[in-house]
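To keep things clear, I will list the structure first and then write my remarks on it.
Naming: A, B, ... by sequence-line order, numbering from 1 per chain.
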Protein chains: 2
Amino acid sequence: MAKQGKKQGRAPDGRGKQHKPSKKGAKGADGPGGYPAAERPDVVLVVDVAYLTVADGELVVLLVERGREPHRGRWSVPGVVLDPDEAAADAAVRAVVARAGIPDPFVHQEQLDVFDAVGRDPRTRVVSATVLGVAASARPPAGGTLAGSRWWPVAALGDPDGPALAFDHGDIVAAGVERLGTRLEHTDLATALVAEPFTLGELRRAYEAVWGVELEPANFRRKVLSTPGFVARTAGKRIVGTGRPADLYVRGGGAVLHPPLPRGR
Amino acid sequence: MAKQGKKQGRAPDGRGKQHKPSKKGAKGADGPGGYPAAERPDVVLVVDVAYLTVADGELVVLLVERGREPHRGRWSVPGVVLDPDEAAADAAVRAVVARAGIPDPFVHQEQLDVFDAVGRDPRTRVVSATVLGVAASARPPAGGTLAGSRWWPVAALGDPDGPALAFDHGDIVAAGVERLGTRLEHTDLATALVAEPFTLGELRRAYEAVWGVELEPANFRRKVLSTPGFVARTAGKRIVGTGRPADLYVRGGGAVLHPPLPRGR
DNA sequence: TGAATAGTGTCTTTCAGACAATATGGA
DNA sequence: TCCATATTGTCTGAAAGACACTATTCA
């Protein structure tokens with residue numbers, strides 16, 4: 001689950017890997033509880049965003065083509081260096097605005113893992129606090145606004161035709177997909193991925209896109225409709241392709257699913 | 001659940017809160033994908049640890065009394081400034097070793113939330129990457145090794161007799177307790193909180209301490225014994241206080257609980 | 001008419017909650 | 001003997017999986 005959360009059967013005990021403060025920074029004594037202003041190691045903190053949505057029945061992620069070394073020509077998730085007077089949530093918005101030109105990008109955002117491996121950026125020590133950003137299906141323009149940024153199907157990331165990812169950004173996307181998946185299990189966040197009004201078939205296909213499984217329509221329907229606050233019936237019906245017209249629904253105003261919506265096997 | 005993960009019904013769209021790089025740092029252009037070495041805002045990244053275990057049927061957390069301002073005399077979780085050549089997991093170990101003198105402190109550690117509120121430290125911008133550290137029940141010496149550090153019952157943190165917490169460290173402890181609780185639901189981590197061999201009563205009381213609820217012994221037993229790899233029977237019996245002697249078990253070598261072990265109502 | 005999708009109903013299995021009944025030690 | 005805890009077993013209800021069947025549209 002957690003990419004970084006690993007068991008330490010035998011953890012370093014402070015002798016095995018004796019700590020020695022590096023030359024630059026960390027000048028102050030290591031006494032309990034103090035972080036004097038002088039003590040400033042050269043660690044750069046960036047905020048990177050796994051920005052996801054569902055489009056045309058596919059889970060897609062916004063990537064930016066790198067114009068400079070290292071990893072020039074590879075694709076990365078949008079990110080910015082955290083500014084000292086800025087909250088991480090604001091930095092996440094700024095990253096998507098600056099790199100892709102999409103204003104007001106999130107219907108939902110939450111923290112993901114911290115990626116902190118020492119060699120992940122060849123230039124300096126860069127620690128990345130990552131954020132899951134979710135776009136409403138209808139909103140983002142099909143191809144982003146700034147040149148060099150576009151939505152890629154998550155399924156294409158392994159492909160030879162797909163984008164090659166820079167640094168460990170493949171892990172960042174994976175963490176975002178995984179987190180989005182568990183949110184769909186336990187909350188009504190899926191309703192943010194479809195445009196109102198929506199049919200239960202559309203909602204179900206959003207789940208299928210994120211989870212990569214097929215769900216039994218009858219059982220899905222039973223679960224959604226029996227959960228208070230998940231969806232609310234609205235007037236009218238809609239014909240999608242062929243088949244019987246489907247009832248229309250809007251978001252129900254908030255639901256916690258317990259037990260969760262089961263994710264097949 | 002996630003303290004920092006908040007919905008943004010209307011997120012800043014890049015105009016409402018126009019970003020202006022602060023004076024110090026962030027000198028480089030904000031062009032896509034580059035973090036030149038010159039671009040180093042004054043953000044200090046620390047690693048703080050919610051270090052928990054169960055002792056005498058109580059969930060306890062290791063706290064360190066602050067010897068200097070700000071918040072002198074208040075209690076904080078162990079933490080250190082991240083060194084540029086050090087992984088966060090190693091920094092977490094170093095924090096507990098340095099602040100409490102407990103070597104090889106963790107049977108398990110994993111990332112928690114990032115605490116990044118702008119004013120959380122009055123001195124500089126300090127962002128805290130927090131870690132949940134779990135100690136084996138038997139191991140940690142009852143009162144820590146270094147003066148100024150000790151285990152506090154988590155239940156005492158709200159009390160007038162309990163420790164006053166520095167900064168937002170109460171939130172860090174809360175995040176750790178919450179995460180430990182969900183790990184107990186879904187994994188066999190509880191077996192790390194009891195000394196081998198253990199009785200199912202001891203294991204159940206570990207759950208009760210973390211969750212703060214009472215569990216039905218018969219149903220708890222059924223769930224644990226029916227989950228492959230959770231516990232393994234070992235020879236002998238043990239009498240705890242009064243009552244019938246209990247069978248003894250050891251860790252089963254790894255289990256994922258699905259469905260999870262339900263946490264009462 | 002046939003294909004495709006939506007909607008309704010039912011049967012079965014799994015599993016948790018509640019709780020009774022028995023087992024076995026110490027005070 | 002009484003009390004406390006462990007262990008076993010049973011009954012019940014909630015909820016998911018599987019699937020049959022009907023409804024309704026378009027090609």
Write down the protein N/O and nucleotide N/O pairs, taken from nucleotides 12-16 of chain D, whose separation is under 3.5 Å; answer none if there are no such pairs.
| from | atom 1 | to | atom 2 | distance (Å) |
| --- | --- | --- | --- | --- |
| dA16(D) | OP1 | Lys223(A) | NZ | 2.9 |

Let me know the distance between CD of Glu216(A) and C1' of dT10(C), rounded to the nearest Å. 13 Å
Looking only at heavy atoms, what is the nearest atom pair of Tyr51(A) and Pro105(A), with distance? OH-O, 2.7 Å
Using atom types as modelled and distance alone, determine if a side-chain donor or acceptor of Glu196(B) lies under 3.5 Å from a backbone N or O of Arg251(B). yes
Verify the neighbour count for atom CG of Asp56(B): are there more than 12 heavy atoms of other residues, nucleotides or ligands below 6.0 Å? no
Atom-pair distance (CG on Leu215(B); P on dA18(C)), nearest Å: 11 Å
Which residue is it: Leu184(A), Val210(A), Thr182(A), Val107(A)? I am looking for the one with a side chain to side chain contact (heavy atoms under 4.5 Å, CB included) to Leu189(A). Leu184(A)
Please round to the nearest 0.5 Å and tell me the distance separating atom CD of Glu58(A) and atom OG1 of Thr53(A). 12.0 Å
Quick tally for nucleotides 3-8 of chain D: nucleotides whose base has a protein heavy atom under 4.0 Å get B, sugar-phosphate-only ones S, the rest -, giving -BBBSB
If only atom types and distance count, is the side chain of Arg179(A) paired as donor or acceptor with the main-chain N or O of Gln111(A) below 3.5 Å? yes
Distance-only, no hydrogens or angles: does the Arg204(B) side chain make a donor-acceptor pair with backbone N or O of Arg221(B) under 3.5 Å? no
Keeping the roles fixed (side chain from Asp188(B), backbone from Gly254(B)), state whether a donor-acceptor pair exists under 3.5 Å. yes
